[in-house]
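Predicted model only: the values in this text are computed from it and were never measured. In what follows, residues are counted from 1 in the order of the sequence shown.
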Amino acid sequence: GSKDQQGQSRPPPEVSSSSQQQHPWYSPSLVSSPSSSSRPQTSCQIPAHVSPGEAAGIITFLKDKSVDELRKLLSDKDAYQQFLLSLDQVKIQNNIKEELRRETLQLARENLEKEPQIMELRNQCKIIRTTELAAAQEKLNELERQKEEILKFYSPGSLLNKLQEAMNEVDEESEALQEKFLEKEIDTAAFVQKYKKLRTIYHRRALIHLAAKTSTIG
């Protein structure tokens, strides 16, 4: 019974001053003691990629602050944000970011300004495809047809046929001359001269035809 009375007479525990303070905006693990085995990963912790010189510069900003100011940085998110933006490293990064943003906006404006020109070029390309290209294709087809005709005209078979036709013409002409001589429509001297010339042409063409035909067959 005496123990219960002592327990009842014991005053209630005092409310700690920390509970009366404003709840910090960061996780409680941020303020774990340095001797703790776990290392808290916090936004206040210096990143691994920060150089020793930059880290020393940040510590220089913090070492001159009072305990109340440091507590305010840990409990007041706006105060921490203002302090963060006041750092030279952050200012440099923000300046670079702003410069990149301005350059991006400038490139976007230039692209928008060139959009009418791009549309005009697209329309011109479309017109060329539908008109000039079609005309050029038609002309190309005509040239291809002419080429085929020329190749066909100068083909070995075509040349042999033309040579045969020329032989036949000379042969027919010599026969017509011979009929005129028989009908006494031409004198002997003129007949002999013309007939000899025609037969010479005929035999020359016949020899060329024979040689070409033999060469083609071979």
Side-chain angles (χ1 to χ4, degrees), residues 43 47-51 54 81 84-85 87-183 185-187 189-218:
S43 59
H49 64 274
V50 176
S51 66
E54 293 175 342
Q81 187 71 13
L84 182 65
L85 295 176
L87 297 177
D88 292 339
Q89 294 86 344
V90 177
K91 290 179 180 179
I92 293 173
Q93 293 296 328
N94 287 338
N95 291 336
I96 294 174
K97 180 181 178 181
E98 181 64 21
E99 183 65 24
L100 290 175
R101 187 185 69 84
R102 287 196 299 267
E103 291 180 358
T104 303
L105 289 176
Q106 181 63 26
L107 290 174
R109 292 191 189 96
E110 292 177 358
N111 289 336
L112 290 176
E113 291 175 357
K114 293 178 180 178
E115 186 174 2
Q117 183 179 1
I118 294 174
M119 294 300 297
E120 179 64 22
L121 291 175
R122 287 179 178 175
N123 293 333
Q124 292 180 6
C125 291
K126 185 177 181 180
I127 293 172
I128 290 173
R129 285 196 299 268
T130 55
T131 58
E132 297 182 12
L133 182 60
Q137 185 66 39
E138 184 178 357
K139 184 176 181 180
L140 178 62
N141 295 335
E142 178 63 21
L143 292 175
E144 289 288 343
R145 186 185 62 79
Q146 293 179 7
K147 184 187 76 171
E148 293 296 330
E149 291 180 356
I150 293 173
L151 291 177
K152 185 184 297 184
F153 181 82
Y154 289 104
S155 64
S158 177
L159 292 176
L160 285 174
N161 291 335
K162 291 183 179 302
L163 188 58
Q164 182 66 49
E165 292 176 358
M167 289 169 54
N168 295 336
E169 289 178 0
V170 174
D171 193 26
E172 292 174 358
E173 188 176 354
S174 61
E175 288 181 358
L177 182 63
Q178 186 176 2
E179 290 179 359
K180 287 182 179 181
F181 176 72
L182 294 176
E183 294 177 359
E185 294 179 1
I186 186 174
D187 59 7
F191 167 77
V192 172
Q193 183 179 2
K194 290 183 178 181
Y195 189 81
K196 181 179 179 182
K197 183 178 180 181
L198 289 174
R199 298 314 296 177
T200 301
I201 295 173
Y202 173 83
H203 289 296
R204 184 184 299 114
R205 292 177 178 177
L207 289 174
I208 295 174
H209 183 273
L210 179 61
K213 188 175 182 180
T214 305
S215 175
T216 303
I217 296 174

Any ion pair linking E149 and R145 (charged N to carboxylate O, less than 4.0 Å)?
-> yes
May I ask you to say whether K139 pairs ionically with E142, meaning some side-chain N is under 4.0 Å from a carboxylate O?
-> no
From CA spacing to verdict: side-chain hydrogen bond (donor to acceptor under 3.5 Å, both in side chains), Q164, N168 = CA-CA 6 Å; Q164 182 66 49; N168 295 336; 3.2 Å; yes
How many angstroms lie between atom [atom1] of [X] and atom [atom2] of [Y], to the nearest 0.5 angstrom?
X	Y	atom1	atom2	result
M167	E172	CE	CD	12.0 Å
E110	L105	CD	CG	11.5 Å
T214	H209	OG1	NE2	9.5 Å
E120	N123	CD	CG	6.0 Å
S158	L151	OG	CG	11.0 Å
E148	L143	CD	CG	12.0 Å

Identify which one of R199, K194, E169 satisfies the side-chain hydrogen bond (donor to acceptor under 3.5 Å, both in side chains) criterion when paired with S174.
-> R199
With sequence neighbours excluded, tell me which residues meet side-chain contact (heavy atoms from CB on, under 4.5 Å) with E99.
-> R102, E103
Working for side chain to side chain contact (heavy atoms under 4.5 Å, CB included), residues E115 and L112 | CA-CA 5 Å; E115 186 174 2; L112 290 176; 4.0 Å; yes
Go through the steps for Q81 and L85 under the test side chain to side chain contact (heavy atoms under 4.5 Å, CB included), then give the verdict.
-> CA-CA 6 Å; Q81 187 71 13; L85 295 176; 4.3 Å; yes
For Y202, all residues meeting ring pair (Phe, Tyr, Trp, His ring centres under 6.0 Å), sequence neighbours excluded = none
Step by step, would you call K97 with L100 a side chain to side chain contact (heavy atoms under 4.5 Å, CB included)?
-> CA-CA 5 Å; K97 180 181 178 181; L100 290 175; 5.8 Å; no
Partners passing side-chain hydrogen bond (donor to acceptor under 3.5 Å, both in side chains) against R122 (at least two apart in sequence or in another chain) = none
Between the side chains of E98 and N94, does any donor sit under 3.5 Å from an acceptor?
-> no
Does some side-chain heavy atom of E173 sit less than 4.5 Å from a side-chain heavy atom of L177?
-> no
At their closest point, which heavy atom of R205 faces which heavy atom of L163, and how far apart are they?
-> O-CD2, 3.7 Å
Work out which heavy atom in L160 is nearest to a heavy atom in A212; give both atom names and the distance.
-> CD2-CB, 3.5 Å
